Colleague: 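My questions all concern the structure below.
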Amino acid sequence: MDVLDEEVESILYIAREISVYKIPHLKANEGHRANDWGDLAQPLWKGRLRIVEKSSGAALMFEDAQTGELFARARYDVLKPCVESVLDSSRYFVIRVEDAGKKAYIGMGFAERTDSFDFNVALQDYTKRLKAALSPPSPSEETPSPHIPAGPKKDYSLKEGQTFSISIPGKASKLSTPGTSLLGSSTQSTGNSGGGVPLLPPPPSSGRKK
């Protein structure tokens, strides 16, 4: 038994009815056209299509709708897709089938445009997901947290000779020691500090000198 058949599979898409056509050789520098396939009402084969994903990759499975017998299988490589749209319709595609080194091209058609749309979406989703897994984004360079200030930390400790004073409303503060203040400005001994009201001199004696 094929090892691929023993793997757990995921169904990415199912079309209940598709038609397969024998197509002519592609002319040089021209794309495929469904109108060149002859009578589209007379396909080579009819059945169902499943897109099956396994650990080894995804594949298009052309199967008998009643018995499940395999008609053809095309492995889907996102780097070299086996599906090509035709130029004259959104319902028809060309599928590249490879087996034991042999390569063949078949035409495939959907009965409804909604089926072909869902088919395209399933392949696009798988391609996007697989490419993201094959080429994960490189981790960005580490940036500092915006909550941490840049640059060296400032030293707010008092240096030798530095003093500071606290002004209490309604009271006169003590004289500060001469030196450099915390903010770097020079302090001088005054009768008051912190902008308080200066003490008034005592009033003259009320008694007259005899």
Side-chain angles (χ1 to χ4, degrees), residues 1-140:
M1 182 180 294
D2 190 345
V3 176
L4 181 65
D5 297 332
E6 298 178 350
E7 299 176 3
V8 178
E9 63 183 29
S10 299
I11 308 302
L12 305 182
Y13 172 79
I14 296 180
R16 299 300 178 183
E17 181 180 336
I18 55 101
S19 298
V20 172
Y21 302 89
K22 182 179 180 180
I23 63 176
H25 293 290
L26 181 64
K27 297 179 182 179
N29 300 325
E30 293 185 13
H32 291 279
R33 296 177 182 274
N35 286 334
D36 296 336
W37 299 352
D39 186 0
L40 297 178
Q42 299 295 325
L44 175 66
W45 179 85
K46 275 191 174 184
R48 75 181 181 191
L49 169 68
R50 295 192 306 154
I51 301 178
V52 179
E53 180 184 3
K54 299 184 179 181
S55 61
S56 56
L60 279 62
M61 312 290 287
F62 297 85
E63 303 167 333
D64 186 278
Q66 302 299 326
T67 65
E69 182 181 358
L70 185 65
F71 172 77
R73 178 170 61 188
R75 294 183 178 274
Y76 191 81
D77 185 350
V78 298
L79 302 179
K80 190 180 179 183
C82 62
V83 179
E84 180 181 350
S85 301
V86 300
L87 300 178
D88 55 349
S89 176
S90 61
R91 295 191 295 116
Y92 294 89
F93 301 84
V94 173
I95 310 299
R96 185 181 71 253
V97 180
E98 298 184 40
D99 184 21
K102 296 181 180 180
K103 185 185 304 182
Y105 293 87
I106 59 175
M108 178 183 69
F110 292 92
E112 302 292 339
R113 284 185 174 84
T114 54
D115 292 335
S116 64
F117 176 81
D118 293 341
F119 170 73
N120 272 323
V121 170
L123 291 179
Q124 290 171 2
D125 289 346
Y126 171 73
T127 299
K128 182 179 180 180
R129 176 164 50 84
L130 190 61
K131 284 186 175 181
L134 294 175
S135 302
S138 58
S140 58

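Here the structure is a predicted model, which means the values were calculated and not measured.
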Colleague: Whether Glu53 and Arg129 form a salt bridge (side-chain N of Lys/Arg under 4.0 Å from carboxylate O of Asp/Glu) is what I want to check.
Modeller: yes
Colleague: So, taking the atom named CG in Asn35 and the one named CG in Leu40, what distance separates them when rounded to the nearest 0.5 Å?
Modeller: 6.5 Å
Colleague: Measure the spacing between OG of Ser19 and CZ of Arg91 and express it to the nearest 0.5 Å.
Modeller: 9.0 Å
Colleague: Drop me the distance from Ser10's OG to Lys54's NZ, to the nearest 0.5 angstrom.
Modeller: 10.5 Å
Colleague: What I want to find out is whether Lys46 reaches Glu17 closely enough, with some N-O distance under 4.0 Å, to be called a salt bridge.
Modeller: yes
Colleague: I need the Asp115 CG to Arg113 CZ distance, nearest 0.5 Å.
Modeller: 11.5 Å
Colleague: What's the shortest heavy-atom distance between Met61 and Val52, and which atoms?
Modeller: CG-CG2, 3.7 Å
Colleague: I'd like to know if the side chain of Ser116 and the backbone of Ser90 have a donor-acceptor N/O pair within less than 3.5 Å.
Modeller: yes
Colleague: Mark yes when over 12 heavy atoms from residues, nucleotides or ligands other than Glu112 sit less than 6.0 Å from its CD; otherwise mark no.
Modeller: no
Colleague: State whether the side chain of Tyr21 and the backbone N or O of Val94 hold a donor-acceptor pair below 3.5 Å, judged by distance alone.
Modeller: no
Colleague: What are the two closest heavy atoms between Gly109 and Tyr92, and how far apart are they?
Modeller: CA-CD2, 3.4 Å
Colleague: When the aromatic ring centroids of Phe119 and Phe93 are compared, is their separation below 6.0 Å?
Modeller: yes
Colleague: Output, in order, the C-alpha distance, side-chain angles, deciding distance and verdict of side chain to side chain contact (heavy atoms under 4.5 Å, CB included) for Ile95 and Val83.
Modeller: CA-CA 5 Å; Ile95 310 299; Val83 179; 3.8 Å; yes
Colleague: Give, for atom NZ of Lys128 and atom CG of Asp125, the distance between the pair rounded to the nearest 0.5 Å.
Modeller: 7.5 Å
Colleague: Supply the atom-to-atom distance Met108 CE to Ile23 CD1, rounded to the nearest 0.5 angstrom.
Modeller: 11.5 Å
Colleague: Counting only heavy atoms not in Glu30, do more than 12 fall under 6.0 Å of its CD?
Modeller: yes
Colleague: Would the distance check show the side chain of Arg96 and the main-chain N or O of Pro81 forming a donor-acceptor pair, the cut-off being under 3.5 Å?
Modeller: yes
Colleague: Test side chain to side chain contact (heavy atoms under 4.5 Å, CB included) on Thr127 and Tyr76; report intermediate values, then the result.
Modeller: CA-CA 9 Å; Thr127 299; Tyr76 191 81; 3.6 Å; yes
Colleague: For the side chain of Asp88 and the backbone of Ala34, is there at least one donor-acceptor N/O pair under 3.5 Å apart?
Modeller: yes
Colleague: Any donor and acceptor pair, going by atom type alone, linking the side chain of Thr67 with main-chain N or O of Asp64 inside 3.5 Å?
Modeller: no
Colleague: Which heavy atom of Trp37 sits nearest a heavy atom of Pro24, and at what distance?
Modeller: CD1-CD, 3.7 Å
Colleague: Kindly give the heavy-atom pair with the smallest separation between Ile51 and Ala122, and that separation in Å.
Modeller: CD1-CB, 4.3 Å
Colleague: Is the closest basic N to carboxylate O distance between Arg50 and Glu63 below 4.0 Å?
Modeller: yes
Colleague: Can Val78 and Tyr126 be said to form a side chain to side chain contact (heavy atoms under 4.5 Å, CB included), step by step?
Modeller: CA-CA 8 Å; Val78 298; Tyr126 171 73; 3.8 Å; yes
Colleague: Does Phe62 reach the side chain of Trp45, with side-chain heavy atoms less than 4.5 Å apart?
Modeller: yes
Colleague: For the residue pair Val97 and Arg73, what are the closest heavy atoms and their distance?
Modeller: CG1-O, 3.5 Å
Colleague: Closest approach of Val86 and Ser89, non-hydrogen atoms and distance?
Modeller: CG2-O, 3.3 Å
Colleague: Carefully, step by step, assess His32 and Leu87 under the rule side chain to side chain contact (heavy atoms under 4.5 Å, CB included).
Modeller: CA-CA 6 Å; His32 291 279; Leu87 300 178; over 6 Å; no
